[in-house]
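Written below as structure tokens is the structure these notes are about.
Order of listing sets the numbers, starting from 1, for every ligand and every atom in it. These numbers were taken from a predicted model, which means no experiment stands behind them.
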Amino acid sequence: MDFNELAEIIFPNAKDISYYEQKYPERNLKEGAAVTRFAPSPTGFVHIGGLFGSIIDRKLAKQTGGLFILRIEDTDQKREIENGTLQIVDALRDFDIIADEGIISQNEEIGDYGPYKQSQRKEIYEAYAKSLIKQGLAYPCFCTTQELEEIRKKQEAAKIKPGYYGVWAKYRNFPLDEAIAKIKNGDSYILRFKSQGREDRKIKHKDSIKGSIEFPENDQDIVIIKADGLPTYHFAHVVDDHLMRVTHVIRGDEWVSSIPLHLELFKALGFKPPKYAHTATIMKDENGNKRKISKRKDPEAAVSYYHEQGIPTDAVVEYLLNIANSSFEPWRRANPNKDISEFELQLNKMSVSGAIFDMVKLLDVSKNVISKYSGEKIYDETLNWANKYDKEFAQLLKNNKEYSIKILNIERKKEKPRKDIAKWSDIKQSIQYMYPNIFENMKEYEFQKIIDKQVIKDILETYIEKYFNISDNKDTWFNKIKDLAEEKGYAREVKEYKLNPEDYKGHVGDISTVIRVALTTKHNTPDLYEIMQVLGKDEIIKRVKKYGG
Ligand code: GLU
């Protein structure tokens, strides 16, 4: 009896690995080109950490002339959800992340290194598992769940490291003929890796983000093929990253402790390991305590949240780079108007410990990003958003395209454009008063200092009769409001009022507020002159009349 016989009995039909080595040759890319991959499991929504990882993956691939793969790791079929793959593809597409290779929709993929769904790569894993069995580096384990539980209990009682290793690995040195007899008998089993590691020896690893780390060697005989015939993550990712010729594995730092095992697997299989880069976990500060962003507690953990809220992709990407890469902020300061794609990412400048995620700061970044957009772009983006999340608003925008763009251009075409919009879902609320049909039904006016209806009416009436001319330029327009203020006993300048408050009923600001509120219902709006230019003469007069002026 030898290992070959065992291997043949377990995987009689598996091909020789040379077949796959030839089928998936080294890629013909230029020196230094990074091949990266995002490898999520289709078990639920895409987490912000996953988005972050794929941003880094894509960026690194792009800036080195390499490529970015989307691979679906669906070997844990119990945890898989319906349409899980589609959800991932869609969530990434919302952020304009489209893989160069791999999965591009629920059932489609592109590229010569596929299939890109692990469940469709079963025969490939079998071939590599078979080669390990042949070398005596993998073996069948017939332990029942109950037996494993007993082992665990004994280890716990003896206060020693749990797991299936060394003397605890019951089937590690099981006689081959007995193993074969059991298999022939139909006993159920799984396949384990036969670790050659020892806990008292150390290995050194150089992580592209975390730098040099020392670990004890792996000594666990981990499962490589489960009872359902599918591989575990550990085994599958090693085979896949090798055959897909991935150069950089960028993944969350919950995986860093698996490095000794993964490096051992690469070695046992005779593969050159990729570079590993473990990204810092995205954390939340809750009353001074740092904790992981959680799927359960934080809506912003799900990438779909940003899309639903209408926070632009650029803003989210910009913010994530900001919190996770120390060279981003100085780059942005030096290049305020450059496109984010021009930022050159260096893995060794990535944050090593948990990056703190702060929604308020993200919205600030977003305001900044949006302030640089044209009215047309905001219109298009908002319409896109509204088509999905607010049909009524979408209709309003479609029916009034030119007018809406004019509204969105208020205080935009200038050196310091307005910075009050953080997300598309805010826009309806902030501009709806500009639409005559909506304004007609608005009832709550936010008058401030001057609240007496008769006084307001009088101010408005005088304004329209004596001072209002839609063709006035901004200076003339404002001077006339000052004239109106003076006529009604208010100071022309705030300064004058402050010097002698007892001489006046108030100042020009109180008067312009009356006009602002009458025309918009709000006391806080963008530039009133520009608003009036967009509303036009007839609508202004109509609005004043509506209030009774
Ligand atoms: N499927 C693994 C996960 O979702 C992938 C980890 C990796 O990128 O290697 O966590």
Which heavy atom of the protein is the closest neighbour of [atom], given with residue, atom name and distance?
| atom | answer |
| --- | --- |
| atom 1 (N) of ligand 1 | Glu73 OE1, 2.7 Å |
| atom 8 (O) of ligand 1 | Arg37 NH1, 2.8 Å |
| atom 5 (C) of ligand 1 | Ala39 O, 3.1 Å |

Note to self: Looking at non-hydrogen atoms alone, which of Tyr276, Trp255, Phe38, Tyr233 comes nearest to atom 7 (C) of ligand 1?
What the structure shows: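 Result: the heavy atom closest to atom 7 (C) of ligand 1 is in Tyr233.
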Should the pair [X]-[Y] be classified as a salt bridge under the 4.0 Å nitrogen-to-oxygen rule?
| X | Y | value |
| --- | --- | --- |
| Glu149 | Arg152 | yes |
| Glu101 | Arg27 | yes |
| Arg192 | Asp221 | no |
| Glu126 | Lys130 | no |

Quick test of your reading: applying salt bridge (charged side-chain N to carboxylate O under 4.0 Å, His left out), list the pairs with at least one residue in residues 275-287, sequence neighbours left out, ordered by first then second residue.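 Pairs touching residues 275-287 that pass the test: Lys284-Asp298, Lys284-Glu300, Glu286-Arg291.
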Heavy-atom pairs closer than 4.0 Å: do any link ligand 1 to the side chain of Glu254, the backbone, both, or neither?
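Looking at Glu254 and ligand 1, no heavy atom falls under 4.0 Å.
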| With atoms numbered from 1 as shown, which atoms in ligand 1 lie under 4.0 angstrom from a non-hydrogen atom of Ser41? |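 Near Ser41, meaning under 4.0 Å from one of its heavy atoms, ligand 1 has 1 (N), 4 (O).
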Quiz prompt | Contacting atoms of ligand 1, where contact means under 4.0 angstrom from a heavy atom of Arg251 | solution =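 That gives atoms 7 (C), 8 (O), 9 (O) of ligand 1.
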Parallel, tilted or perpendicular: which one describes the rings of Phe357 and Tyr306, with boundaries at 30° and 60°?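 Ring orientation of Phe357 relative to Tyr306: perpendicular.
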